[in-house]
Peer 1: 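Sharing a structure, written as structure tokens. Questions coming.
Model, not experiment: these values are computed from the prediction.
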Amino acid sequence: MDAHVTDDRFDRGLRRRELARRLVAHDARTQTISELTALTHHQLSTLRQRWRVTQETRHRGPSPTSFSVLLSSMRTRSEASALTVICRVLNAIPLSNRKSNRKSLSAMEVGERLCEVFEIYSAYLPQSKFEFDHLMLLAQGLARGDVIAVGNCTICRATILIDLLATRPHVCSHCLQNIQGSSSRVTRAENTEHSNTSNEDVGCVQAEFF
């Protein structure tokens with residue numbers, strides 16, 4: 001067998017195990033790790049034992065598939081938007097079937113770049129509750145482009161994650177809070193004015209009878 005071919009296979013094997021180690025460190029689920037590394041569940045179990053990973057530290061169950069987890073609150077939307085920007089900078093979003101001038105990435109290359117994205121974001125915001133599996137779901141959803149997509153806030157033009165199935169305006173969480181705050185202030189002002197008018201009417205009635 002050609003020595004060059006043997007070396008390539010050995011290098012790919014090392015890359016797979018190194019990627020698996022990073023994914024395990026990021027608490028990625030077994031399904032996600034297997035999808036990105038092509039390692040079997042048995043191989044991953046053996047590696048976890050070798051790395052002394054305890055069962056208590058693992059995320060159990062299947063990887064998330066519903067995009068609602070990315071759109072559930074203003075905070076998660078904001079974090080998903082920030083991660084989307086980093087994904088675009090590092091070209092970590094896998095290509096869909098649509099035409100593109102960019103070379104298609106292998107699953108292992110996608111995994112390595114997503115690890116970089118997650119590590120950068122975790123260093124910047126260590127208290128974040130965003131899981132690696134959520135990042136994987138985000139990248140897959142952006143690649144498909146049928147439920148979520150990258151867009152811009154219609155007010156400040158900031159990059160945001162857009163729910164393509166929703167009818168609500170495409171605004172960032174900051175602008176949405178400002179809008180809601182303004183609406184609350186207007187409502188309070190109207191209620192105060194209505195209350196003052198009512199008190200004046202009561203005063204007039206009382207003056208007339210007394």
Peer 1: Going through the distances and angles, do Met108 and Leu36 end up as a side chain to side chain contact (heavy atoms under 4.5 Å, CB included)?
Peer 2: CA-CA 5 Å; Met108 189 158 54; Leu36 293 173; over 6 Å; no
Peer 1: Show, in sequence, the C-alpha distance, side-chain angles and deciding distance for Val53 and Leu47, and conclude whether the side chain to side chain contact (heavy atoms under 4.5 Å, CB included) test is met.
Peer 2: CA-CA 9 Å; Val53 178; Leu47 289 173; over 6 Å; no
Peer 1: Give a yes or no on whether His170 atom NE2 has more than 12 heavy-atom contacts from other residues, nucleotides or ligands under 6.0 Å away.
Peer 2: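 Counting other residues, nucleotides and ligands, NE2 of His170 exceeds 12 neighbours.
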Peer 1: Begin with the C-alpha distance, continue with both residues' side-chain angles, and end with the deciding distance and a verdict on side chain to side chain contact (heavy atoms under 4.5 Å, CB included) for Cys156 and Cys172.
Peer 2: CA-CA 8 Å; Cys156 70; Cys172 68; 3.6 Å; yes
Peer 1: How long is the span from the CE atom in Met136 to the CD1 atom in Ile33, to the nearest 0.5 Å?
Peer 2: 11.0 Å
Peer 1: When you group the ILVMFWY residues by side-chain heavy-atom contacts below 4.5 Å and let the links chain together, are Ile160 and Leu83 in the same group?
Peer 2: no
Peer 1: With heavy-atom distances below 4.5 Å as the criterion, would you say the side chains of Glu116 and Arg22 are in contact?
Peer 2: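 The answer is yes, as the side chains (C-beta and beyond) meet within the 4.5 Å cut-off.
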Peer 1: If you look at every heavy atom in Thr154 and Arg157, which pair is closest and at what distance?
Peer 2: CA-NH1, 4.1 Å
Peer 1: Between Leu70 and Ile86, is there shared hydrophobic-cluster membership here, with clusters defined by ILVMFWY side-chain heavy atoms closer than 4.5 Å?
Peer 2: yes
Peer 1: Where is the tightest heavy-atom contact between Leu114 and Ala92, given as atom of each residue plus distance?
Peer 2: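 Closest heavy-atom pair between Leu114 and Ala92: CD2-O, 3.8 Å.
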Peer 1: Are the side chain of Gln180 and the backbone N or O of Gln177 linked by a donor-acceptor pair below 3.5 Å?
Peer 2: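 Here the side-chain-to-backbone pair does not exist.
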Peer 1: Does Arg21 form a salt bridge (Lys or Arg N to Asp or Glu O under 4.0 Å) with Glu18? I'd like the steps, not just the answer.
Peer 2: CA-CA 5 Å; Arg21 185 194 63 78; Glu18 174 58 19; 2.5 Å; yes
Peer 1: Considering all heavy atoms of both residues, which atom of Leu137 and which atom of Phe67 are nearest to each other, and what is their separation?
Peer 2: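 Heavy-atom minimum between the residues: O-CE2, 3.5 Å.
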Peer 1: May I ask you to test the Thr84-Leu142 pair for a side-chain heavy-atom distance under 4.5 Å?
Peer 2: yes
Peer 1: Could you pull out the closest heavy-atom pair between Pro94 and Ala143, with the gap in Å?
Peer 2: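 Nearest pair, atom of Pro94 first, then Ala143: O-CB, 2.9 Å.
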Peer 1: State the CD1-SG distance between Ile120 and Cys115, to the nearest 0.5 angstrom.
Peer 2: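 Between atom CD1 of Ile120 and atom SG of Cys115 there are 11.0 Å.
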Peer 1: Does Gln49 reach the main-chain N or O of Thr46 with its side chain, forming a donor-acceptor pair under 3.5 Å?
Peer 2: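 Looks like no, no N/O pair under 3.5 Å.
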Peer 1: Less than 4.5 Å apart, any side-chain heavy atom of Ser128 and any of Ser122?
Peer 2: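 They are not in side-chain contact.
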Peer 1: Check whether any side-chain heavy atom of Asn178 lies under 4.5 Å from a side-chain heavy atom of Ile155, and answer yes or no.
Peer 2: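 In short, these two side chains do not touch, never coming nearer than 4.5 Å.
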Peer 1: Quick one: CD on Glu112 to CG on Leu90, what's the gap to the nearest 0.5 Å?
Peer 2: 12.5 Å
Peer 1: What I want to check is whether the side chains of Thr76 and Ser73 have a donor and an acceptor closer together than 3.5 Å.
Peer 2: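 There is such a pair (donor and acceptor under 3.5 Å, judged by atom type) between the side chains of Thr76 and Ser73.
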Peer 1: Would you name the heavy atoms of Leu161 and Leu138 that are closest together and state the gap between them?
Peer 2: CD1-CD1, 3.8 Å
Peer 1: Roughly how far, to the nearest 0.5 Å, is the CZ atom of Arg77 from the OG atom of Ser72?
Peer 2: 8.5 Å
Peer 1: Does the side chain of Leu135 come within less than 4.5 Å of Val117's, by heavy atoms?
Peer 2: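 Counting from C-beta outward, Val117 and Leu135 do come under 4.5 Å.
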Peer 1: Between Lys129 and Glu79, is any pair of side-chain heavy atoms under 4.5 Å apart?
Peer 2: no
Peer 1: Nearest 0.5 Å, please: how far is CG in Leu44 from CZ in Arg16?
Peer 2: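 Output value for this atom pair is 12.0 Å.
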Peer 1: Return each pair, listed once, that meets side-chain hydrogen bond (donor to acceptor under 3.5 Å, both in side chains) where at least one residue sits in residues 24-38; pairs must be two or more places apart or across chains.
Peer 2: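 Checked against side-chain hydrogen bond (donor to acceptor under 3.5 Å, both in side chains) - neighbours excluded - the pairs reaching residues 24-38 are His26-Glu119, Arg29-Glu131, Arg29-Asp133, Thr30-Arg48, Thr30-Arg58, Thr32-Ser63, Thr32-Asp133, Glu35-Gln140.
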Peer 1: Can you say whether the rings of His134 and Phe130 are parallel (under 30°), tilted (30 to 60°) or perpendicular (over 60°)?
Peer 2: perpendicular
Peer 1: For the CG atom of Leu19 and the CZ atom of Arg17, what is their distance to the nearest 0.5 Å?
Peer 2: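 If we round to the nearest 0.5 Å, Leu19:CG and Arg17:CZ are 12.0 Å apart.
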Peer 1: For a quick test of reading the model, state the closest non-hydrogen atom pair linking Ile148 to Leu71 and the distance between them.
Peer 2: CG2-CD1, 4.3 Å
